[in-house]
Structure formats: structure tokens, C-alpha cells
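Some notes on the structure that comes next.
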Amino acid sequence: MTSSHVHLSSSLSVISNNVDILVLILWRLPVKSLFVFKSVSKRWYSLISDPIFIKGHFLEISSRSFLGQFLHNRLSGPDTPEFEFVSLNESVPRPLHFLACINDPLGIRINQSCNGLLCCSSYRGTYADPYYICNPYTRQYRPLFCGSRGDEHGFISLCSVSLAFDVLKSPHYKVVCIWLLKKVTESDVEFYHQIEIYTSETTSWKLLGNIFPAHDIFHKTGVFWRGSLHWFDPSRQANSFYFNVDLELLMGMPKLPPRYDNDEMLFKYFGECRGHLHLIQVHASRTSFEILEMMTDYQGWNTRYVVNVSELMNAYPEITQGVSIQFQHLAFSVLLVQDEKTKSLTDIQRAKGTDSLILVLQILDEVVYYDLEEMRVKKIVRLAPTTYSRRRDAFQYIETLACV
């Protein structure tokens, strides 16, 4: 053995025996590699499976990718969602094969992405069909039969199922089900909602005693942010709510800023990214749209950006093809809002945590991102030209070692 080989062997021995150095190295590796390294030894398996290590790895890895769920109108074949994995640093989408591992005869639909875990369901299934909590990186999933719970309590239907998971606080997650029930009185029939919660730590269900009036917004999946699930009401009544999962309290969200001249508003996006809750509203008669951000104390909404569609048109002229100016806000869909460190800022500003926003948009058959700070458009991928997307959703794709 040469001296160089001896030195290398000695260095590897030092690293492998020093847990602090080993952790710093492993934190920088993708989940796919760590999943393989679990088989190196019992010591490595224990280290990589430790909740503290999983939390540190989640903080270290920066995700710049998302899942596209597109429902295509094809002349032949099943009308079920097709999934594509899209990285903001790649130009070619990759098919997602993981969900094919779930042997569901009805096909699979993604309902929510929450800090690395996915909440999926049977496509066109009934409330008695299973839901699935999945980790796409580790290829693990757990079926949940929410429907059997409804049969026990006499509920009419299952309105929504939402995942609440924060790996920085706990390795466990909760699933919040909202049920519809009715009460018959002498003069009328009234409909209500009731909440039931599944806890992964105990694999048990808990039915909350309080019921509340039925509302259409609870037929949607909630958006998880700061320990609560949020449902936004786009109507003029704006009866938006959030549910604190740990405290098991349902509370009202603050009203939106006053609308200009009673102008009709269109809402293109409501979601969370990197600790911020965003809402995008478009003025139907104006060539601008607003990106609002919820205050962390729920005191109201701040206007983060006002974006002129003309600026987007200048950066991406293709948006104007065949679209009159008053309808140009309909020519694009907002798939995701990403908070990014602004490259043009000074080191001092960047150290203070100043962020800019990047919008991931679908314009015609292309997915692009629009940097609001630099007013620059970058094309990410082109969707299959032989299909017409009637439905499109996007979900954050975040690496995590969390178990399901």
C-alpha cells in the first residue's frame, strides 16, 4: 500500500469516527444517497434515522423543484392525472414513477404537499377509499381509511383531508379530516362540519366535539403554515378560517385590504413557501396583480408586490399572442411562489435575510419562472404539445428523510 493510500485510509477513519464531522458531510447529501448509506452499518443507520439528524438535513437542503400534476384531454387512454417532476435548474421534465408503486385501481391524485410529505387519494374515488401519506424520496407510504370513521359517526360525506407536518418541530404528523353532517329540526334541515384528527405518533383518531356551520371552502385541502391549516374564501364575504392543529381551535383569518372601486377580483394563488403565506389577487379590469403576504401575528395582509402585466409581457412577449390586453391576466396560471435570496443584493443585505419572490407560471404550453426583483423570465420546461391541459396543479417537492 502506497503512502497516499495510507493517508487516505487514515483520513477516512478519522472522519468516520468523528460523529460531528460525519454529520456535517452527510447533511449535504441528497436523500437518495442517504437512503443507500443507511445500509453501511448499524451505526450509520441509527445516525441517519435520528430525528435530530433529519431536522438538520431538512434545514441544510434547499429545494428548487416541484411536482406538476396535469390532467390531459386525450383522444384515447384513461383521463387520469399525469405527473412530472420539474426542477427549476433543469430544462426537461422527468416522469414521476413513485406513485405507480401505490397499487390503487382508481389511480392516484396528489392533494397536498407539506414539508416533504404528500397527501394523496384515489382518483375519482369515494370517501370510503383510502388516502395515502407518502414520502416520494424514500418511497414510503401509509394508507389511511378515513371513510370507515365516517360510517361510525353517521356523517354524510368527507369534505376534505389535510396534512399537517413540520419536521422542525416533530417527526410525527397529523391528518385533519372535515366531515359533513346534518341535523334535522322541526322546521328545517341544517348542515354542519365536524373535525376528526389522525395522529401518526399514536396511530389513533380523535373526534372533536365542536361542530360549526357548513361552508364551501372546507371542501378544499387546507394550506399548512406556522402550525395551522388555512382555508381561503374568494367570495366577497371573505369568510376565511385557519385551524390551529395543536390547540385544536378554529379561528377566522383577517379580511383582505379594501377592493378598488368594487372591482371584481380573481384569485390565482394561495399557498405557503419557506415560512411565508402568500395570496395573489388580480383586478379583472386592470393590468396588474397583487401578491399579498400574511403577517405572522395574523393582524392582516401586507402587499408584498404589485406587478404590472405589461412588465411580464415585456419579459415574455409570447403571453400576448392571440390575447387582447384586457384578458392578458387570464393567459397565465400561477403554479408556485418561491422565496429566493436576491442575487443582486449586497452581502450585508443578504445577511439580513432580504428575499425576493420568484413566480413559477404556466404560460401557454410552457412553464417559466419570473424573477420579480430583476423582472426577468426564464423558461423551465415545455409541456407536451400534443396534449391540452384542462387542469394543472403544482406542489413543492422537498427532500426529507421523515418516516410515514
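FYI, side chains are in, hydrogens and waters are out, and symmetry mates aren't considered; it's all heavy atoms of this structure. Note that the structure is predicted; figures quoted are calculated from it, not measured.
- Phe37 contributes atom CZ, which lies 6.0 Å from atom CG of Leu29 (distance to the nearest 0.5 angstrom).
- For the residue pair Glu190/Tyr192, the side-chain donor-acceptor check at 3.5 Å is satisfied.
- Taking both residues in full, the closest heavy atoms of Cys273 and Gln338 are given as SG-OE1, 3.4 Å, listed atom of the first, atom of the second, then distance.
- Arg142 contributes no side-chain N or O that, together with a main-chain N or O of Ile133, makes up a donor-acceptor pair within less than 3.5 Å.
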Note to self: Between Tyr198 and Cys146, does the side chain to side chain contact (heavy atoms under 4.5 Å, CB included) criterion hold? Intermediate values first, please.
What the structure shows: CA-CA 9 Å; Tyr198 172 84; Cys146 309; over 6 Å; no

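- For Leu168, the CG atom sits in a packed shell: over 12 heavy atoms of surrounding residues, nucleotides or ligands are nearer than 6.0 Å.
- Ring-centre distance between Phe232 and Phe267: below the 6.0 Å cut-off.
- A 4.5 Å side-chain heavy-atom check between Ile156 and Lys182 finds at least one atom pair inside the cut-off.
- Atom CD1 of Ile108 sits about 4.5 Å away from atom CD1 of Ile102, to the nearest 0.5 Å.
- For the side-chain hydrogen bond (donor to acceptor under 3.5 Å, both in side chains) test, no residue two or more places apart in sequence or in another chain qualifies with His193.
- With hydrogens and angles ignored, the 3.5 Å screen pairs a side-chain donor or acceptor of Ser39 with a backbone N or O of Val36.
- Taking the side-chain hydrogen bond (donor to acceptor under 3.5 Å, both in side chains) definition, one finds that Asp129 meets it with Thr126, sequence neighbours left out.
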Next item on the list: Kindly indicate, with the supporting measurements, whether the criterion side-chain hydrogen bond (donor to acceptor under 3.5 Å, both in side chains) is fulfilled by Asn111 and Ser121.
Entry: CA-CA 7 Å; Asn111 298 307; Ser121 64; 2.9 Å; yes

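- Side chains of Val334 and Gln362 form no contact here, defined as non-hydrogen atoms less than 4.5 Å apart.
- To the nearest 0.5 Å, atoms CG (Asp371) and CE (Met375) are separated by 10.0 Å.
- Between Phe212 and Phe218, the ring centre distance stays below 6.0 Å.
- The CG atom of Leu256 lies 5.5 Å from the CD atom of Gln281; values are rounded to the nearest 0.5 Å.
- Counting only N and O atoms by type, the side chains of Ser240 and Asp233 include no donor and acceptor under 3.5 Å apart.
- Side chains of Leu359 and Tyr269 form no contact here, defined as non-hydrogen atoms less than 4.5 Å apart.
- Tested against Phe243, the residues Leu250, Ile178, Leu249 include a single side chain to side chain contact (heavy atoms under 4.5 Å, CB included) partner, Leu250.
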Next item on the list: Could you walk me through whether Val23 and Leu47 pass side chain to side chain contact (heavy atoms under 4.5 Å, CB included), step by step?
Entry: CA-CA 8 Å; Val23 165; Leu47 174 63; 3.7 Å; yes

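- Taking the centre and axis of the six-membered ring of Tyr369, the NZ or CZ atom of Lys378 falls outside the cone set by 45° and 6.0 Å.
- Looking at heavy atoms from C-beta onward, Val167 lies in side-chain contact with Ile54 at the 4.5 angstrom threshold.
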Note to self: Checking Ser49 against Lys38 for the side chain to side chain contact (heavy atoms under 4.5 Å, CB included) test, could you report, in this order, the C-alpha distance in whole Å, the side-chain angles of both residues, the deciding distance, and whether it holds?
What the structure shows: CA-CA 8 Å; Ser49 302; Lys38 275 188 172 184; 3.4 Å; yes

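- With respect to Arg226 and Asp166, no salt bridge is recorded, no charged nitrogen being found less than 4.0 Å from a carboxylate O.
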Margin query: If you apply the rule ring-ring contact (aromatic ring centres under 6.0 Å, His included), what do you find for Tyr397 with Tyr137, and how did you get there?
Written below: CA-CA 9 Å; Tyr397 197 63; Tyr137 269 93; 4.9 Å; yes

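- Using a 4.5 Å heavy-atom threshold, the side chains of Asn115 and Phe58 count as touching.
- Looking at residues two or more places apart in sequence or on another chain, you find a ring-ring contact (aromatic ring centres under 6.0 Å, His included) between Trp225 and His230, Tyr298.
- Between Ser200 and Tyr173, the closest side-chain pair of non-hydrogen atoms falls below 4.5 Å.
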Next item on the list: Check the pair Cys177, Leu158 against side chain to side chain contact (heavy atoms under 4.5 Å, CB included), reporting the backbone distance first and the verdict last.
Entry: CA-CA 7 Å; Cys177 299; Leu158 178 62; 3.8 Å; yes

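- Remark: side-chain polar atoms of Ser113 are paired, donor with acceptor, to backbone N or O of Gln396 under 3.5 angstrom.
- For the atom pair Cys159 SG and Leu180 CG, the distance stands at 4.5 Å (nearest 0.5 Å).
- The side-chain hydrogen bond (donor to acceptor under 3.5 Å, both in side chains) search around Glu272 returns none, not counting sequence neighbours.
- Between the side chain of Gln112 and the main chain of Leu163, a donor-acceptor pair closer than 3.5 Å is present.
- Considering only heavy atoms from C-beta on, Tyr242 stays 4.5 Å or farther from Val223 through its side chain.
- Side-chain N or O atoms of Asn135 include none that pairs as donor or acceptor with a backbone N or O of Leu117 at under 3.5 Å.
- Legend: residues meeting side-chain contact (heavy atoms from CB on, under 4.5 Å) with Glu293, ordered by chain and number and at least two apart, are His276, His278, Arg304.
- Val31 has its side chain within reach of Thr138: a pair of non-hydrogen atoms, C-beta onward, lies under 4.5 Å apart.
- A pairwise comparison of heavy atoms in Val282 and Phe289 identifies CG2-CB, 3.5 Å as the closest pair.
- Applying the salt bridge (Lys or Arg N to Asp or Glu O under 4.0 Å) definition to pairs two or more places apart or across chains, none involves residues 46-58.
- Under a cut-off of 6.0 angstrom, the local environment of CG in Asn302 is crowded, with over 12 non-hydrogen atoms contributed by other residues, nucleotides or ligands.
- Rounding to the nearest 0.5 angstrom, the gap separating the OG1 atom in Thr199 from the NE2 atom in His172 is 10.0 Å.
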